[in-house]
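The analysis underlying the following values was restricted to heavy atoms, covering all of them including side chains, and did not include hydrogens, waters or symmetry mates. Naming convention: chains lettered A, B, ... in sequence-line order (proteins, then strands); numbering from 1 in each chain.
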Amino acid sequence: MKLFTSTKTFQGGVHPAEYKELSENLSFEIMPNPKQVILPLVQHIGKPSNPLVKKGDDVKAGQIIAEADGFISVPIHSSVSGKVKKISTEITPSGFPKDSIIIDAADSNEIELKEPLNPETVAPEEIQQRVKWAGIVGQGGAAFPTFVKITPQPNQNIEAVILNGCECEPYLTRDYRFMIERTEEVIEGLRLIMKSLGVGRGYIGIEDNKPEAIKKLKEAAAKYDNINVEVLVTKYPQGAEKMLIKAILNREVPPGKLPLDVGAVIQNIGTALAIYDAVVKGEPQITAALTVSGYGIKEPKNLIVRVGTPIANVIEYCGGITEDASKVVIGGPMMGVAQFDFSAPVTKATSGILILTKTEENLHEETTCLRCGKCIEVCPIGLIPTKLSRFSQLDRFEDAEAYNITVCMECGTCTFTCPANIPLVQWIRLGKQRVLAMQKERKSA
Amino acid sequence: MDATLLIAIATMGGLGFIFAGGLAIADKKLRVFEDPKIAQINELLPGANCGGCGYAGCYDFAVNVVSGKALVTGCPVGGEDCAHDIAAVMGVDAGASIKMLPRILCRGGNSEAVKKMVEYYGPLSCSAMAIVSGGDKQCYYGCLGGGDCVEACPFNAMVMNENGLPEVIEELCTGCGNCVKACPRNIIEMHPADRQVFVFCKNQDDPKKAKEVCSVSCMGCGICARKSDGGVVMDNNLAVINYAQFDSSKIPFDKCKTGAIGYLNKNEKVVIEIPVGESTSMEKELA
């Protein structure tokens, strides 16, 4: 019997097999530093950072090696102590080569820290400054610079901060382990965000398939009456910003608007902890916590690794891949990016490395659309995937725009459901890019 | 005769006259004047509505020619004859127009380009491949082989060959340029039909990488640029021909190890393998 059940959710969505049992009971392990790290200058949404070091420079772990360029950008810290080998174009998990700083690691384990601040007495501006210095990006997947989100802007009326503990992607257990192992700190991290934004209400949204985490968080949050732990229905994509707001606050984000416009700020559990570490421990974001899972890896693990560690090293640390492994994905299986090169590094926002077998991959031949309408039923934002994908196949981008293709968050629910195995979300992603380019062109004209 | 029948005839006839009168008045009062030249030019145009001229279709192009916004030579499909006919209608001189043809500046097909260790699974379209890790070839600059250009061609003048590269059927090609717009990697360019020498590569990687990813890439050695007196310039490890100053007799084609710079017709490569110094005679041979 389930300990917690809930009816709070959104319309649509799917129930992929969870596969969380592979790694949910394994505590975090700290992986030894690799011999070499690759630090791409773009690990976030926004402008690439400007490198401050050159070939042959000695760097210390925690030292800023690239500064933020512009408002939506973050600094990058060296994740190991060592020597800069070179700055060159290297493959990144996005699949595209980007300028990266390569550092040969020395045997030292010390990290340059800032002085710790007291979370009870720290001023909102101090939190924002510290988060900006620490180069924190959102851990939910999009890697948006966090200090932008926790700095209040004029004319904004934010009523609630929501921490996203849904972890609705199959396989991933990183946030779950965080909630169990660092329960108190998650709550403190949420309080720091609330303080920085001057918001009085905080929620933690969590799916009802994680009873142990719910129990622990409820106990820890009991002493603060302005923090609620909300139990939500287990359904993909419950952890998407807009779905979370709908389930917890019962508000809908209109097309083209942000969660801010309905008075909510969403942060991931991992981001809250990174903020806590930066403020209370003075640590920059030089580690990434990730789940290594799937039936294609010999020993699934929850790991804490230095940012920039090549995927190959992580896989090797987990015992290597099995014989029937056939696909490597960074992120979750629904929204993650398939990898073709194991030398790509772990970045700040990497939440998991999945090694899948042919059975898990479950690929089928594409057939003709049956007009069954299943994709329309499950689309969490109420789009018409079958029409949108057709429009982008036929280059009818004006029509696609009229049908709000830009609102699509590419959760992949439609493709998961499609009985004809049509790559709907892939076509929609293409159309979305074209429409966005079209809109940009129109704006500049 | 029955009175009912007479009334019906009179009523229908009367109504007919009234409506005819209404139409006659409307024809005089509400008439929209349209330059007869528009219809004439529209007749002369190929009627493919391909959009190669940059307007919404043939009729739109005709309207713009008459209003002076478009050039009489603006229709790439109709070519020289069509331009002359339109010029005659407009009462101007068309001058000599040069036929432009698309040239595919990548020779890294399935047998030349090095593939990634993975299989591509998803929509078979170059632009869809280009947004996910850039398709299954290791080169980030070359042809993706998805055939977006073939699909974009309204005249069936583009085909994919066995090697996974597009080929232009010159007899069918009208030079509308739709393929150029369709290519997400920008490897198709419009060039005058008589232009023969091109750099068949767009790779800007450093020499080592460029060599690794494809056997016919431009490695950026710069030999052609050094000998060319400004006819070839180097841009980010890639040789780019500056046709204004280009003289093919100065280019040491045989020194290009990968054959990235060369003649359009591949068979002429055999001719290229003659010793240096005789390259001028080779030029004569080609002419």
Can you establish whether the number of heavy atoms outside [X] located under 6.0 Å from its atom [atom1] is more than 12?
X	atom1	result
R103(B)	CZ	yes
E34(B)	CD	yes
E212(B)	CD	yes
Y403(A)	OH	no
E119(B)	CD	no
R371(A)	CZ	no
K181(B)	NZ	yes
D235(B)	CG	yes

Q) For R434(A) and S127(B), what are the C-alpha separation, side-chain angles and deciding distance, and is it a side-chain contact (heavy atoms from CB on, under 4.5 Å)? A) CA-CA 10 Å; R434(A) 288 288 186 83; S127(B) 31; 3.5 Å; yes
Q | Contacting region of R429(A) [heavy-atom separation from chain B under 4.5 Å] | A | both
Q: Write out, in numerical order, the residues from residues 342-370 of chain A with a heavy atom short of 4.5 Å from a heavy atom in chain B.
A: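 Within residues 342-370 of chain A, the residues under 4.5 Å from chain B are L363(A), H364(A), E365(A).
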Q: Anything in residues 416-427 of chain A with a heavy-atom distance to chain B below 4.5 Å? Please list those residues in order.
A: P423(A), Q426(A), W427(A)
Q | Nearest non-hydrogen partners of I91(A) and Y140(B), listed with the distance | A |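 So the minimum-distance heavy-atom pair works out to CD1-OH, 3.2 Å.
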Q: Can you see which heavy atom on L430(A) is nearest to which on S125(B), and at what distance?
A: CD2-OG, 4.3 Å
Q) With only heavy atoms counted, which part of A130(B) is less than 4.5 Å from chain A, the side chain, the backbone, both or neither? A)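 For A130(B), backbone heavy atoms alone lie under 4.5 Å from chain A.
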